[in-house]
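All chains are named by letter (A, B, ...) in the order of the sequence lines, taking the proteins before the strands, and each is independently numbered beginning at 1.
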Number of protein chains: 2
Amino acid sequence: MNAVERLSDYGIKPSVQRIAIMEYLMTHRTHPTADEVYMALCDSIPTLSKTTVYNTLKLFVDQQAALMLTIDDKLVRFDGDTSLHSHFLCRRCGRVHDLPYSGKKREARELQIEGHAVEEIHHYYKGICRECKEKENLN
Amino acid sequence: MNAVERLSDYGIKPSVQRIAIMEYLMTHRTHPTADEVYMALCDSIPTLSKTTVYNTLKLFVDQQAALMLTIDDKLVRFDGDTSLHSHFLCRRCGRVHDLPYSGKKREARELQIEGHAVEEIHHYYKGICRECKEKENLN
DNA sequence: TTACAGGTTTGTACTGATTACAATTTTAAT
DNA sequence: ATTAAAATTGTAATCAGTACAAACCTGTAA
C-alpha cells in the first residue's frame, strides 16, 4: 500500500504535501513530532509551511489515518500505524518504542467500559528501554 | 490519612502551600490541572504563586506522591491517587473518570516488557462518558 | 537576641509548541 | 478561460509551562 492509496482509503484528497507527510509517517516508525516531520521534508518541499504540517497531521488524526500520541508531556507525537498496539517511552533516550497490545483481547473489541463509550485506547509505558539499559551495563 | 502524613510518607517536608495542594488533590478526584489547583486555592492562600503550584506538583510527581496524566494533548492533569488504575477522557464534557486497571494482573507486577524496564503504566481511554451519553439520549 | 544558612516561595520575564487568520495559490468543474 | 472551492502559506498571536533572581521563612548556633 502506498501513501496515495492510504490517503484515499481514509477519504483524504491527495496533494504533494499530504502525500509526502503520509509517506514520511509510513516509512519512519519513529513516532515523530510535527516539527520533526517539517524538518525532514522542508528540503524536498522548499515551500512547505509548518502550519501545513500541523494542519495535515490534524486532518490525518481526524480521519483516523494516524494516531496522536500524548505519551510525552512536552511534545505531541504522531504514528502512522493505526493498528492496536502499545507504546514505551524511554526517559533516557526519549524514543518511543512499539509494543504489542497487552490488554485483554476482549476489551479491545468492547465498545463500552463501565458504561462509557470507548473510541480510543492508549496504553503507554515509561521507563528505560532495552538499548539504554544495555549501554548502561557496559560502563 | 491526612495530607501532612502523606507528604512525610513520601519524604516531602510540609509547608502551608504543600499541605494545601496535597489536601486539594486528596479531596478532589477531578484530575485537576495546575491552573485549576491554583484557582481553587488562591482565595484561601492569597499570596500563593502559580509558580509554586507548578513546582509543588512537579515535586509530588518526582517523589511519586502524585501522578501526572497526559491523556489530554492540551493540558497536563494531576492525580493524587497513585494506585494502579486507568483513566477515561470524555471528549464531550472534558472530564477524566477513573476506571479500574484492566490490564493483565501479571503485567502490572512485571518490571520488564520486551526487555524494557517499566517504571510507569498509563492506560487511557477516550470517548463519550456515560453521563454525556445519557444526556444525549434525552433529546 | 542576633546572625547565618538552607530551603521555600514569589513575581516577572521568557520560551516554545501550537493556533488564528488573512492572503495567496492550486485544483476542479463548468 | 472563468470561477468557486479547497489547500497552502507566512505572520502574528496565544498560552501552558519554566527560568531566574529576589524575598521570605525556619531552625540552629554563637
Side-chain angles (χ1 to χ4, degrees), chain A residues 3-4 7-8 10-24 31-63 65-78 89 94 96, chain B residues 3-4 7-8 10-24 30-63 65-79 89 94 96:
Chain A
V4 176
L7 289 176
S8 74
Y10 286 95
I12 299 167
K13 285 206 303 189
S15 71
V16 171
Q17 293 84 347
R18 289 172 179 179
I19 294 166
I21 293 171
M22 179 54 81
E23 202 145 57
Y24 186 84
H31 316 90
T33 64
D35 195 64
E36 285 166 356
V37 174
Y38 172 76
M39 294 307 275
L41 298 178
C42 64
D43 281 337
S44 52
I45 307 175
T47 64
L48 185 65
S49 161
K50 203 172 273 192
T51 300
T52 300
V53 175
Y54 276 102
N55 288 343
T56 302
L57 289 169
K58 184 180 189 317
L59 174 70
F60 289 179
V61 172
D62 288 346
Q63 300 296 336
L67 297 179
M68 180 174 59
L69 308 185
T70 59
I71 192 172
D72 190 321
D73 60 315
K74 305 289 170 195
L75 307 161
V76 173
R77 295 165 174 279
F78 296 89
L89 172 65
V96 173
Chain B
V4 176
L7 289 176
S8 74
Y10 286 95
I12 299 167
K13 285 208 303 190
S15 71
V16 172
Q17 293 86 345
R18 290 173 178 177
I19 294 165
I21 293 172
M22 178 53 81
E23 201 145 57
Y24 186 84
T30 55
H31 316 90
T33 65
D35 195 63
E36 284 166 357
V37 173
Y38 172 74
M39 294 308 274
L41 298 179
C42 65
D43 281 337
S44 52
I45 308 176
T47 64
L48 186 64
S49 160
K50 203 173 272 192
T51 299
T52 299
V53 176
Y54 277 102
N55 289 343
T56 302
L57 289 169
K58 184 179 189 317
L59 174 69
F60 290 0
V61 172
D62 288 345
Q63 301 294 336
L67 297 178
M68 179 173 60
L69 308 184
T70 58
I71 191 171
D72 189 321
D73 61 316
K74 306 289 171 199
L75 306 161
V76 173
R77 295 166 174 280
F78 296 88
D79 191 346
L89 171 65
V96 173

_Tell me which one of L57(B), V4(B), L7(B), I12(B) satisfies side chain to side chain contact (heavy atoms under 4.5 Å, CB included) with M22(B)._
L7(B)
*Please determine which of F78(A), Y38(A), F60(A) meets the side chain to side chain contact (heavy atoms under 4.5 Å, CB included) test together with I21(A).*
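Exactly one pass, corresponding to F60(A).
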Side chain of [X]: nearest nucleotide among [options]?
X: R18(A); options: dG17(D), dT10(C), dA7(D); answer: dA7(D)
X: N55(A); options: dT18(C), dT9(D), dA7(D); answer: dT9(D)
X: Y54(B); options: dT8(D), dT9(C), dG17(D); answer: dG17(D)
X: K74(A); options: dG17(D), dA7(D), dT10(C); answer: dG17(D)

[N] OP1/OP2 closer than 4.0 Å to side-chain N/O of [X]:
X: T52(B); N: dT10(C); value: yes
X: T47(A); N: dT9(D); value: yes
X: Q17(B); N: dT10(C); value: yes
X: T33(B); N: dA16(D); value: no
X: S49(B); N: dT9(C); value: no

*Specify the residue among P46(B) and K13(A) whose closest nucleotide of DNA chain C lies further upstream toward the 5′ end.*
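So the residue in question is P46(B).
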Expressed in angstrom and rounded to an integer, what is the separation of [X] atom [atom1] from [N] atom [atom2]?
X: L69(A); N: dA17(C); atom1: CG; atom2: P; result: 17 Å
X: I45(A); N: dT26(C); atom1: CD1; atom2: C1'; result: 14 Å
X: L75(A); N: dG17(D); atom1: CG; atom2: C1'; result: 13 Å
X: D35(B); N: dT14(D); atom1: CG; atom2: P; result: 17 Å
X: I19(A); N: dT27(C); atom1: CD1; atom2: C1'; result: 13 Å
X: R77(A); N: dA17(C); atom1: CZ; atom2: P; result: 12 Å
X: L57(B); N: dT8(C); atom1: CG; atom2: P; result: 15 Å
X: K58(A); N: dA20(C); atom1: NZ; atom2: C1'; result: 13 Å

_Is the shortest side-chain heavy-atom distance between E36(A) and T33(A) below 4.5 Å?_
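Of all side-chain heavy-atom pairs linking T33(A) with E36(A), at least one is under 4.5 Å.
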*NA contact type, K50(B), heavy-atom cut-off 4.0 Å: base, sugar-phosphate, or nothing?*
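Answer is nothing: K50(B) stays at 4.0 Å or more from every strand.
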*Could you tell me whether T51(A) contacts a base, only the sugar-phosphate backbone, or nothing, with contacts defined as non-hydrogen atoms closer than 4.0 Å?*
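The residue T51(A) makes base contact.
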*Verify, without hydrogens or angle tests, whether R77(B) (side chain) and H31(B) (backbone) share a donor-acceptor contact under 3.5 angstrom.*
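Yes, the answer is positive, given that a donor and an acceptor are paired below the 3.5 Å cut-off.
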*Is the backbone of T70(B) close enough, under 3.5 Å, to the side chain of T70(A) for a donor and an acceptor to pair up by distance?*
yes
